[in-house]
Visitor: 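Please see the structure below; I have some questions.
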Amino acid sequence: GAVVSQHPSRVICKSGTSVKIECRSLDFQATTMFWYRQFPKQSLMLMATSNEGSKATYEQGVEKDKFLINHASLTLSTLTVTSAHPEDSSFYICSATDFRDWGNQPQHFGDGTRLSIL
Amino acid sequence: SQQGEEDPQALSIQEGENATMNCSYKTSINNLQWYRQNSGRGLVHLILIRSNEREKHSGRLRVTLDTSKKSSSLLITASRAADTASYFCATVNSYGKLTFGQGTILTVHP
């Protein structure tokens with residue numbers, strides 16, 4: 001089955017640091033990647049939709065200058081949390097799909113990144 | 001905002017029993033998907049059911065979809081301790097956007 005690799009799995013850093021999270025599709029072309037945020041015992045909240053070669057579309061309430069998304073190739077999207085603060089601590093999950101067949105195929109999820117800002 | 005509402009929020013059963021989780025949604029959908037999440041991990045896709053389908057099976061899983069009632073259910077038969085996880089329904093609209101329900105935490109006791 002399709003595999004999505006997300007790295008790193010865990011990050012602990014000081015307040016003010018910028019953190020980059022990578023999401024790679026390993027065996028298929030991901031025309032679209034999605035970034036989610038999940039708080040403990042809660043559901044996934046979509047942050048932004050990333051299409052290869054174009055600007056990301058952010059959900060209402062998500063600061064685009066805070067959460068920089070780049071989708072430079074069909075296999076890689078990155079999320080950079082800029083100048084992270086303790087309130088940015090969360091579980092971030094990416095997913096990928098080939099939008100040309102989204103109606104028939106599920107999204108494939110990475111294993112998530114646990115971000116802890118001290 | 002989360003479109004899907006799931007119930008129950010938590011379900012605790014004994015191994016061998018069946019587990020049923022329900023999901024309701026508000027807007028029109030292209031398809032509905034069920035995912036499983038083990039604690040601290042990513043999501044694993046279980047079943048995708050299209051809006052023109054009413055029922056789908058995969059191993060011990062059975063999913064139903066009632067578009068007139070805007071609801072879906074996931075049945076896990078003969079549950080095992082390894083089925084312990086959170087289960088989420090997610091609706092997909094005509095633009096491909098996935099919206100997750102609040103999830104059901106399933107605990108299967110050996």
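A note on names: the letters A, B, ... follow the listed sequences, proteins ahead of strands, and every chain is numbered from 1.
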Visitor: Mind checking whether A:Tyr58 and A:Tyr92 sit in one hydrophobic cluster, side chains of I, L, V, M, F, W, Y counted as touching below 4.5 Å?
Guide: yes
Visitor: Look at the side chain of A:Ser43 and the backbone N and O of B:Gly103, then say whether any donor-acceptor pair between them is shorter than 3.5 Å.
Guide: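 No; judged by distance alone, with no hydrogens or angles, the pair does not exist.
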Visitor: So with a 6.0 Å cut-off around NE2 of B:His57, is the heavy-atom count from everything else above 12?
Guide: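 Check passes, neighbour count above 12.
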Visitor: May I ask whether A:Met47 and A:Val19 are part of the same hydrophobic cluster, defined by side-chain heavy atoms of I, L, V, M, F, W, Y residues being less than 4.5 angstrom apart, directly or through others?
Guide: yes
Visitor: Nearest heavy-atom pair of A:Pro106 and B:His45: which atoms, and what distance?
Guide: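 Distance-wise, the nearest heavy atoms are CB-CD2, 3.1 Å.
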Visitor: Say whether B:Leu61 and B:Leu106 are linked into one hydrophobic cluster, either directly or through other cluster members, by side-chain heavy-atom distances under 4.5 angstrom.
Guide: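 Yes; tracing contacts between hydrophobic side chains, which count when under 4.5 Å, links both residues.
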Visitor: When you group the ILVMFWY residues by side-chain heavy-atom contacts below 4.5 Å and let the links chain together, are B:Leu46 and B:Leu11 in the same group?
Guide: yes
Visitor: Atom CD of residue position B:Gln9 - does it have more than 12 heavy atoms of other residues, nucleotides or ligands inside 6.0 Å?
Guide: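 No - once you tally the heavy atoms of other residues, nucleotides and ligands closer than 6.0 Å, there are 12 at most.
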Visitor: Taking the side chain as C-beta and beyond, is there a heavy-atom pair between B:Leu98 and A:Tyr36 under 4.5 Å?
Guide: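 With C-beta onward as the side chain, the pair touches.
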Visitor: Which region of A:Gln6, side chain (C-beta onward) or backbone (N, CA, C, O), has a non-hydrogen atom less than 4.5 Å from a non-hydrogen atom of chain B, or is it both or neither?
Guide: neither
Visitor: Is it the side chain or the backbone of A:Glu59 that comes within 4.5 Å of chain B heavy atoms, both, or neither?
Guide: side chain
Visitor: Applying a heavy-atom distance below 4.5 Å, give me the residues of residues 36-44 of chain B that approach chain A, sorted by number.
Guide: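 The residues closer than 4.5 Å to chain A, in numerical order, are B:Gln37, B:Gly40, B:Arg41, B:Gly42, B:Leu43.
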Visitor: Inspect the surroundings of NZ in A:Lys64 and state if more than 12 heavy atoms from other residues, nucleotides or ligands are less than 6.0 Å away.
Guide: no
Visitor: Quick check on B:Arg80: does its CZ atom have over 12 non-hydrogen neighbours (other residues, nucleotides or ligands) under 6.0 Å away?
Guide: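 Result for CZ/B:Arg80: open.
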Visitor: Taking all non-hydrogen atoms of both residues, which atom of A:Gln38 and which atom of B:Phe88 are closest, and how far apart?
Guide: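 Where A:Gln38 meets B:Phe88 most closely, the heavy atoms are NE2-CZ, 3.9 Å.
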Visitor: With a 4.5 angstrom heavy-atom cut-off, which part of A:Gln107 approaches chain B: side chain, backbone, both or neither?
Guide: both
Visitor: Do you reckon A:Phe109 sits in the same ILVMFWY cluster as A:Trp35, going by side-chain contacts under 4.5 Å, direct or chained?
Guide: no
